[in-house]
2 protein chains.
Amino acid sequence: MSSNNPNTNPNITEIATLIGDPSRIAMLISLLGGKSLPAGELARAAQISPQTASSHLTKLVEGGLLVSEYYGRHKYFRLAGSEVAHALEALQAIAPSKPVRSLRESDRLKALHFARTCYDHLAGKIGVALTDKLMELKLIEQSGKDFILSEAGRKKLIAFGVEVDGTTGTRRHFARQCLDWSERRHHLAGSLGAALTRRLFELKWLEHLPDSRAVRVTEVGTRGFAEEFGLMDIQ
Amino acid sequence: MSSNNPNTNPNITEIATLIGDPSRIAMLISLLGGKSLPAGELARAAQISPQTASSHLTKLVEGGLLVSEYYGRHKYFRLAGSEVAHALEALQAIAPSKPVRSLRESDRLKALHFARTCYDHLAGKIGVALTDKLMELKLIEQSGKDFILSEAGRKKLIAFGVEVDGTTGTRRHFARQCLDWSERRHHLAGSLGAALTRRLFELKWLEHLPDSRAVRVTEVGTRGFAEEFGLMDIQ
DNA sequence: TTCATACTTCGATCATAATCGAATTGTCTT
DNA sequence: AAGACAATTCGATTATGATCGAAGTATGAA
C-alpha cells in the first residue's frame, strides 16, 4: 500500500452508485429481460413520478447503463449491453436469497414469454411468429422502422375483418415495428397491429389471462391460425 | 402489470447501495486480490479516518460482503466470497475506461491487465490465455456458465500437481466462468481455478508484485507455460 | 385548430448518510 | 504498572441527491 493510492477508478464508484438506488434498480430489473420500455412504464414499475423517473433515466443513459430511442412521443429505454445484465446478475448472486419466488410467478413468466399484449398489440412468441408469417405471405414488408401493408395484405386483412381504415401503407405509425424482449425480434405494432389484435380477441382466438398481460390462444384460435395463416405449432 | 409488484428485491438494492460509495469501493478494491487487511490499512487505502472506516466496515460485514477476524488488537477483513469478487469485476467491466493520470499509474494498469489475481484465481491476459489454451487442448470445455473438466484434463492437472479433489465436472462452482473486465473474455474461476492458481504460485511460475493484485510471470514460469501448455508469447 | 398524452426542466424541500472530533474499550509493549 | 496503538461508539455537522409540484415542449388524435 504505502505509496499506492488505490483510490482507483472513480468510474466503478460511479457505476455502483448509479445502480445503488431503489428506484433505478427497479427500472433496471424491469429491463433485465432485454425489452425496451417507455419512460412512463418504468416510472410505474419503480412507483415514482414521471419527473423523478426522467431524472433517473437521464443519469442511467449518461452512465452508459441504458440506451434510449424515440418512438413518436414515447421514449424507449433498454439495457446498453449484455455486460450490464451480467453485472446485475452478479449483484443478484450476492444478494441474500429472494423471498420465495412462487411457482405461480414462474408460470406467469412463462406465459408472458409465449404470448402477451404490448399495450394494444400482440407480442411474445406468437406475436413474432404471426408477424413473420405475414411477411412470408408478402402481406406486409419491412420499411425502416415501419412495416408496409401490401395490396394483397390489405385485401386479406379486410376480408379477415380487420379495420384497416383506408390508407394502405404510408401513414406514420400505421404499422410500426416493435422490438420483442423475449424473442429479440420485431413484431407488428402501430394502429394496424392494434386493429389486428382487436380482431383476434373479437374472434375469440385469443383471450386474456386474469390479472396479466399474458394471453392464451384458444381452441378456436389454434385452428384458426393454422387454417387462415398456416401458423402451426401454436400451443 | 397491475397486480404485479415489480418492486422486487430490496436485497439487490441494498447490496448495490453498499457498493456504491467511494470509500467502500476503495476498500473493496484493495481486498480484491483476496488478501486480508486490517481496518487501519483499509482506512488509509480509502483515505478516510479510522472512525469512518469502522462504520463502513461494519456495514460491509453486515451486508455480507466482507468477513472479519480478530488478530490481537487488529481486526482483519477480507471478501466474503468469490461471488463478491465476481460482482466487483462485473462492475469494472461496464465502468468506462479510466483517464490515466501518471505514467506510473499507466504501468500499474498495464500490469493489472496482463495478470492479476481475482480473489483466488488468475485473471487478466494470462488468465484468459491459459483458459483458452486449456479449451484448445480439450482439457476443459464450456458448459453454460461453467466449465467441465474432461477426463484428459483431470489427468493432466493432477499430474501437474493441482488438487483436483475427486469429482470431475459437475459440482457447483467447481469450474466457474468469470468475465474478465480487461479482456472481455472468460477465464477459469471456481475451486478448480483457485487450485490451479495455487499450484502456479507454488511452482513459482507466478509471483505477486508488491502492493498490488498484479502478478508477474517468472523466468521459470515463462518456460513452464511454453513447455507444459504450449503457451508462447507470455510476457 | 384544440385537446390529451409523454416526457423534460426548474426549483424547493427533505431525508439520508458520509464525515470527523471526542471519548471509550481493549490489546500490546516496556 | 504506564503509555502507545487499534478499533469502536456517540454526537453533531454537512453535503448530496431523491423526490415531486409547476410549468414547458413535443407528439398524436379529433
For B:Thr13 against A:Asp21, the heavy-atom pair lying closest together: CG2-C, 4.1 Å
With B:His74 via ring-ring contact (aromatic ring centres under 6.0 Å, His included) - residues at least two apart: none
Got a sec, which residues hit ring-ring contact (aromatic ring centres under 6.0 Å, His included) with B:Tyr70, two or more places apart in sequence or on another chain? none
Is any side-chain heavy atom of A:Leu130 closer than 4.5 Å to one of A:Leu200? yes
Would you say a side-chain N or O of B:Lys75 is under 4.0 Å from OP1 or OP2 of D:dT8? yes
Might you point out which heavy atoms bring B:Ala194 and B:His121 nearest each other, and give the distance in Å? N-CB, 4.1 Å
A:Glu69 atom CD is separated from D:dT27 atom P, nearest whole Å, by 15 Å
I'd like to check the side chain to side chain contact (heavy atoms under 4.5 Å, CB included) partners of B:Ala85; sequence neighbours left out, ordered by chain and number. B:Leu32, B:Leu79, B:Cys118, B:Tyr119
Could you work out, with ring-ring contact (aromatic ring centres under 6.0 Å, His included) as the rule, every residue matching A:Phe160, not counting sequence neighbours? A:Trp205, A:Phe229
Where along nucleotides 11-17 of chain D does protein come under 4.0 Å, by heavy atom, of base (B) or sugar-phosphate alone (S), with - for untouched nucleotides? -------
Geometric class of the B:Phe201/B:His208 ring pair [parallel <30°, tilted 30-60°, perpendicular >60°]: parallel
Give the residues of residues 48-55 of chain B touching DNA chain C, defined as any heavy atom closer than 4.0 Å, sorted by residue number. B:Ile48, B:Ser49, B:Gln51, B:Thr52
What side-chain donor-acceptor pairs closer than 3.5 Å can you find for residues 53-66 of chain B, not counting sequence neighbours?
residue	atom	partner	partner atom	Å
B:His56	ND1	B:Arg24	NH1	3.0
B:Thr58	OG1	B:Ser54	O	2.8

Length of the line joining B:Glu41:CD and D:dC5:P, which is rounded to integer Å: 17 Å
From OH of A:Tyr71 over to P of D:dG28, roughly how many Å is that when rounded to an integer? 13 Å
For residues 70-86 of chain B, which residue pairs qualify under salt bridge (Lys or Arg N to Asp or Glu O under 4.0 Å), counting only residues two or more places apart or in two chains? B:Glu69-B:Arg78
Find the bend of the helix from C:dT1-D:dA30 to C:dT30-D:dA1 as the angle between its two terminal axes (five pairs each), to the nearest 10°. 30°
Is there side-chain contact between B:Arg199 and B:Glu163, with heavy atoms separated by less than 4.5 Å? no
Calculate the interatomic distance between A:Tyr76 atom OH and C:dC7 atom C1'; express it in whole Å. 13 Å
Pick out the pairs of N or O atoms, protein on one side and nucleotides 2-5 of chain C on the other, that lie under 3.5 Å.
residue	atom	partner	partner atom	Å
C:dT5	O4'	A:Arg73	NH1	3.3
C:dT5	O2	A:Arg73	NH1	3.0

Tell me the salt bridge (Lys or Arg N to Asp or Glu O under 4.0 Å) pairs involving residues 112-125 of chain B, sequence neighbours left out? B:Glu89-B:Arg116, B:Arg116-B:Asp180, B:Lys125-B:Glu183
List in chain and number order the residues that pass ring-ring contact (aromatic ring centres under 6.0 Å, His included) with B:His186, two or more places apart in sequence or in another chain; answer none if no residue qualifies. none
